[in-house]
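Reading through the structure tokens given below for one structure.
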There are 2 protein chains.
Amino acid sequence: MAKPPIAISEAESRVMEALWRKAPQASEDIVAAVQQDSDWHEKTIRTLLGRLLGKGAVSAEKDGRRYLYAPVLTREQWQSQESRSLLDRVFGGRLGPLLAHFSEHEKLGAKDVAELRKLLAAIEKKER
Amino acid sequence: MAKPPIAISEAESRVMEALWRKAPQASEDIVAAVQQDSDWHEKTIRTLLGRLLGKGAVSAEKDGRRYLYAPVLTREQWQSQESRSLLDRVFGGRLGPLLAHFSEHEKLGAKDVAELRKLLAAIEKKER
DNA sequence: AGTTTCAGACTACGCCCGTAATCCAGTTGG
DNA sequence: CCAACTGGATTACGGGCGTAGTCTGAAACT
């Protein structure tokens with residue numbers, strides 16, 4: 001069977017962020033890390049961690065009486081899923097319209113333009 | 001006060017699609033249009049339409065015994081909202097990483113590449 | 001050894017969403 | 001004029017999500 005994609009919610013992704021930055025970590029440290037950027041209650045963060053475990057988005061390895069948590073879903077996988085979802089849901093699966101949209105409505109910084117050039121250069125190289 | 005952004009759900013967006021393609025339309029026609037691409041029950045579609053009305057995403061004008069519905073939220077506004085949401089939630093608000101992601105993980109069709117070139121050309125022209 | 005503590009498990013609860021079914025009043029067909 | 005029909009309004013219901021609170025078992029402190 002194909003692996004079912006792991007869907008995580010907005011709030012859950014904030015917890016994943018902490019793990020993507022550093023892993024493995026004990027829940028105490030995760031709580032502290034997440035609280036740097038949010039005002040969530042410790043209980044809330046632990047609940048989210050538990051849900052992520054249930055979904056298989058993180059793994060837990062026993063370390064004494066506590067667990068050390070690590071991400072299973074990578075940030076890249078998540079970014080891919082979310083990007084593809086936007087592409088399919090909102091732009092009919094075509095990159096063109098999405099890019100056109102960004103070019104019209106988002107201010108592109110110098111770095112963005114450089115990234116665009118790089119992207120195009122890579123494509124052209126591969127093309128022949 | 002600033003107008004609060006109108007958030008619509010996935011299913012609701014399917015109904016909006018029908019209205020974006022043609023408006024105004026009576027609910028009967030909307031139902032028929034949506035059913036072309038889905039197997040939703042008529043009642044379901046009417047419920048979604050009602051919710052969209054409640055959210056102010058569509059307007060209804062009485063036309064005899066029925067209403068004629070029209071979109072208030074435009075497709076472009078919606079695409080903007082969703083794009084910005086992805087950008088902020090998943091890519092820290094920076095376009096570069098998003099573009100890098102697409103260049104690495106998405107297969108670009110010829111049309112996409114053309115769109116990219118056009119986009120870059122437009123930028124270069126504006127740049128000087 | 002008894003008590004306090006704390007990580008993790010289980011429970012809670014209101015709101016949104018997907019997906020309808022039921023109810024009601026005005027229109028229309030007979 | 002009465003019955004059937006139909007669009008719209010109201011109600012339903014289970015699952016996920018945001019946001020915790022409570023319970024429990026074992027470790028740690030005294």
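A, B, ... follow the sequence lines: proteins, then strands. Residue 1 opens every chain.
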Let me confirm one number: the [atom1]-[atom2] distance from [X] to [Y], rounded to the nearest 0.5 Å.
X        : Y         : atom1 : atom2 : result
Leu86(B) : Gln79(A)  : CG    : CD    : 9.0 Å
Leu99(A) : Arg117(B) : CG    : CZ    : 13.0 Å
Leu19(B) : Leu52(B)  : CG    : CG    : 8.0 Å

Just how far, in rounded Å, is [atom2] of [N] from [atom1] of [X]?
X        : N       : atom1 : atom2 : value
Leu52(A) : dG16(D) : CG    : P     : 14 Å
Asp29(B) : dG8(D)  : CG    : P     : 11 Å
Tyr67(A) : dC6(C)  : OH    : C1'   : 15 Å
Glu28(A) : dT5(C)  : CD    : C1'   : 12 Å
Glu12(B) : dC17(C) : CD    : C1'   : 8 Å
Lys62(A) : dA26(D) : NZ    : P     : 10 Å
Ile45(B) : dT19(C) : CD1   : P     : 11 Å
Arg14(A) : dC17(D) : CZ    : P     : 15 Å

With heavy atoms under 4.0 Å as the rule, sort [X] into base, sugar-phosphate or nothing.
X        : answer
Lys55(A) : sugar-phosphate
Glu42(B) : nothing
Leu48(B) : base

Could you go through nucleotides 20-22 of chain C and list every protein N or O atom that sits under 3.5 Å from one of its N or O atoms, giving the distance for each pair?
residue : atom : partner  : partner atom : Å
dA20(C) : O5'  : Thr44(B) : OG1          : 3.2
dA20(C) : N7   : Thr47(B) : OG1          : 3.0
dA20(C) : N6   : Thr47(B) : OG1          : 2.8
dA21(C) : OP2  : His41(B) : NE2          : 3.3
dT22(C) : O4   : Lys43(B) : NZ           : 2.9

Measure from the side-chain N and O atoms of [X] to the backbone N and O of [Y], and report whether any donor-acceptor pair falls under 3.5 Å.
X         : Y        : value
Thr47(B)  : Lys43(B) : yes
Trp78(B)  : Ile6(B)  : no
Glu115(B) : Pro97(A) : no
Gln25(A)  : Tyr69(A) : no
Asp112(B) : Leu95(A) : yes

Protein N or O to nucleotides 28-30 of chain D N or O, pairs below 3.5 Å:
residue : atom : partner  : partner atom : Å
dA28(D) : OP1  : Arg65(A) : NH2          : 3.4

For dC16(C), does OP1 or OP2 lie under 4.0 Å from any side-chain N or O of Ser9(B)? no
Under 4.0 Å: is that the gap between some side-chain N or O of Tyr69(B) and OP1 or OP2 of dG7(D)?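 The answer is no; no side-chain N or O of Tyr69(B) sits under 4.0 Å from OP1 or OP2.
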Single hit among Glu17(B), Glu10(B), Glu12(B) for salt bridge (Lys or Arg N to Asp or Glu O under 4.0 Å) with Arg14(B):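 Checked Glu17(B), Glu10(B), Glu12(B) against Arg14(B); only one passes salt bridge (Lys or Arg N to Asp or Glu O under 4.0 Å): Glu10(B).
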